[in-house]
Protein chains: 2
Amino acid sequence: MRRWRTTVTHVRIAATEPDEPTAEPDAPTAEPDAPTAEPDAPAAGEDKPRRQRGEQTRQLILETALRLFRERGYTETTMRAIAKEAGVAVGNAYYYFDSKEHLIQGFYDRVQLAHRAAAEGVLGGEKEFAARLKGVLHAGIDVNGPYHAFAATFFKTAAEPSSPMSPFSRESSPSRESAIGLFREVIEGSNVKLDRDLQKELPELLWLAWMGVILFWVHDKSPGQRRTRRLIDGVVPLIDRLVRLSRIPVLKPALRQVLALIDSVRRDD
Amino acid sequence: MRRWRTTVTHVRIAATEPDEPTAEPDAPTAEPDAPTAEPDAPAAGEDKPRRQRGEQTRQLILETALRLFRERGYTETTMRAIAKEAGVAVGNAYYYFDSKEHLIQGFYDRVQLAHRAAAEGVLGGEKEFAARLKGVLHAGIDVNGPYHAFAATFFKTAAEPSSPMSPFSRESSPSRESAIGLFREVIEGSNVKLDRDLQKELPELLWLAWMGVILFWVHDKSPGQRRTRRLIDGVVPLIDRLVRLSRIPVLKPALRQVLALIDSVRRDD
DNA sequence: GTGCGACGTTGAACGCGTTCAAGGCGGCGA
DNA sequence: TCGCCGCCTTGAACGCGTTCAACGTCGCAC
């Protein structure tokens, strides 16, 4: 084990152990430190601020890896090839990434970001729940599209329950929360009226449905994955209808039953 | 590549094909030549019929592998260990099995058989659809239970779309068909009345739901996987209600919509 | 300047799944 | 009896992901 996903934080580490024992000179004479901004971006001083040397190498390795993954596929890309192409020793890649799988997290983050951006359009201008949901789902397939072959080769890695790459794992929790937030926006920005308890659960349920779509997509060998497109177009109206039905008094008991099931299944881990 | 699941062969294997064609001395004295029968089949000769030597080795390797998988887990069991324990060379294992993954298929077949047997009880005596479904699902968890840790370690292998171990793959088609048949029995042996088109699709849909339960089960770390039990208990009444609703005239259009979606998604592969 | 300690980097080495050329071995036709 | 052919078996070897002891290298305290 080692570091993990240096979020921001100039320099590194972070993750589980919050505080850095390493001095933190903090406010030296010069250099205003720029706490919230990107750590690199050499404002005027051209010569490399040494603390970032590692981060530079890290990025270099990650970029190289993702490029090779795209060009050759995941399994066909060897760690030796990544290291050679990046001009470092193979052991160096393992200094920054715990394993080959961990390189994928960089891909996740990137796609997640692109999904948000691609969803911006429909979320900004559309008020209808069904249209918003459909737009977001199609946007997700759009941004994942170029990586379909690649995704299929590393999907197994994500499916392993104990793997940090599993969408249900603790390590994936940031990007998962981000994705669930996206579906929360789908709901809250729409004019749909919901049962209150359902409203609490729905974002996660929609994310779960999205995972199902992804599962289907990964197995979808039709040209352009058009079967997945049809699945989305067909399933969204059904969800829309179901969600609206949840407000009808006669169906309240049924809704309660479903919500109780979700709650009971979630308990004790 | 080499053979694959030699159907053939008296001696053993069994699984799908129930009857053993071995000789069957039957008409003792004269032996009427049995023209269409297999040419070998040593009537009384005790010494090993050479044709079966290979099959013996195959079984030895499979048994050894499954035992070690159970004892140590999938990834922790090496091919070298299997070979050593079985007293053969490592290359010999690859003569009978294309890869380490292919050893799992033997496990699949065994569990599938056990599932059928365990479901026998409830399918024989129960007429209520919900009770039958619930019984079959619980029986499935029962027989898989002892292998929960093992299953988690090889689950990734099954999830890879291109893997022969994928439940959706062509290679898994025999055990998949068998499982779907199990759910067809659940329906046909019950007193539930169904829309005709739904009846055609329902077995596969129930199998799909079963795959979902398995997916949940693999990730379920609660003691004894009791969350999975609760999931089954909660989801079966919902399915039962939904299925009965399908006969109500007002809801026919909705049902047609769902079935049309399934059909459209299935087209072109 | 000198030494120190942490960060960064190296490449040989390990154990794994898998492949392959080579060689038994045993029954059958001559 | 001999030789052949095809099933079966072998273990060294390959390339992979991963580990690790060792070695720079640089900023800082003295």
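Throughout, protein chains are lettered first and strands after them, A, B, ... in sequence-line order, and every chain is numbered starting at 1. What you see below is based on every heavy atom in this structure, not just the backbone, and it leaves out hydrogens, waters and symmetry mates. Since we're looking at a predicted model, the values are computed, not measured.
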- Would you indicate what Val88(A) reaches in the nucleic acid, counting non-hydrogen atoms under 4.0 angstrom: base, sugar-phosphate, or nothing?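 Counting heavy atoms under 4.0 Å across all strands, the contact made by Val88(A) is with sugar-phosphate only.
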Quick one: side-chain hydrogen bond (donor to acceptor under 3.5 Å, both in side chains) partners of [X], sequence neighbours excluded?
{"X": "Arg70(B)", "answer": "none"}
{"X": "Thr77(A)", "answer": "none"}
{"X": "Ser178(B)", "answer": "Gln112(B), Arg116(B)"}

Starting from [atom2] on [N], measure out to [atom1] on [X] and report it in whole angstrom.
{"X": "Asn92(A)", "N": "dT19(D)", "atom1": "CG", "atom2": "C1'", "answer": "14 Å"}
{"X": "Tyr95(B)", "N": "dC8(D)", "atom1": "OH", "atom2": "C1'", "answer": "5 Å"}
{"X": "Gln56(A)", "N": "dG8(C)", "atom1": "CD", "atom2": "P", "answer": "11 Å"}
{"X": "Leu103(A)", "N": "dG17(D)", "atom1": "CG", "atom2": "P", "answer": "11 Å"}
{"X": "Phe97(B)", "N": "dT9(D)", "atom1": "CZ", "atom2": "P", "answer": "12 Å"}
{"X": "Glu55(B)", "N": "dC8(D)", "atom1": "CD", "atom2": "P", "answer": "9 Å"}

- Message: On the six-membered ring of Tyr74(A), is Lys100(A) placed so that its NZ or CZ lies under 6.0 angstrom from the centre and within 45° of the ring axis?
- Response: yes
Sidechain N-carboxylate O distance under 4.0 Å for [X], [Y]:
{"X": "Arg67(B)", "Y": "Glu63(B)", "result": "no"}
{"X": "Asp142(A)", "Y": "Arg229(A)", "result": "yes"}
{"X": "Glu204(B)", "Y": "Arg266(B)", "result": "yes"}

- Task: Compute the bend angle of the helix from dG1(C)-dC30(D) to dA30(C)-dT1(D) from the end axes (five pairs per end), rounded to 10°.
- Result: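 That helix gives 30° between its end axes.
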- Query: How long is the gap from CG on Leu60(B) to CD on Glu55(B), to the nearest 0.5 Å?
  - Reply: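 One finds 11.5 Å between CG of Leu60(B) and CD of Glu55(B).
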- Task: Go through residues 65-84 of chain B and report each residue with a non-hydrogen atom lying under 4.0 Å from DNA chain C, sorted by number.
- Result: Thr77(B), Thr78(B), Met79(B), Arg80(B)
- Message: Would you call the rings of His219(A) and Phe168(B) parallel, tilted or perpendicular, taking 30° and 60° as the class edges?
- Response: perpendicular
- Item | Parallel, tilted or perpendicular, as decided by the 30° and 60° cut-offs, for the rings of Phe107(B) and Tyr147(B) |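 Perpendicular.
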- Message: Quick one: does any side-chain atom of Arg227(B) pair with a main-chain N or O of Val265(A) as donor and acceptor, under 3.5 Å?
- Response: yes
Between [X] and [N], is there a side-chain N or O to OP1/OP2 distance below 4.0 Å?
{"X": "Tyr96(A)", "N": "dT9(C)", "result": "yes"}
{"X": "Thr57(B)", "N": "dT9(D)", "result": "yes"}
{"X": "Tyr94(B)", "N": "dT18(C)", "result": "yes"}

Set out, line by line, the N/O atom pairs under 3.5 Å between protein and nucleotides 22-24 of chain D.
none

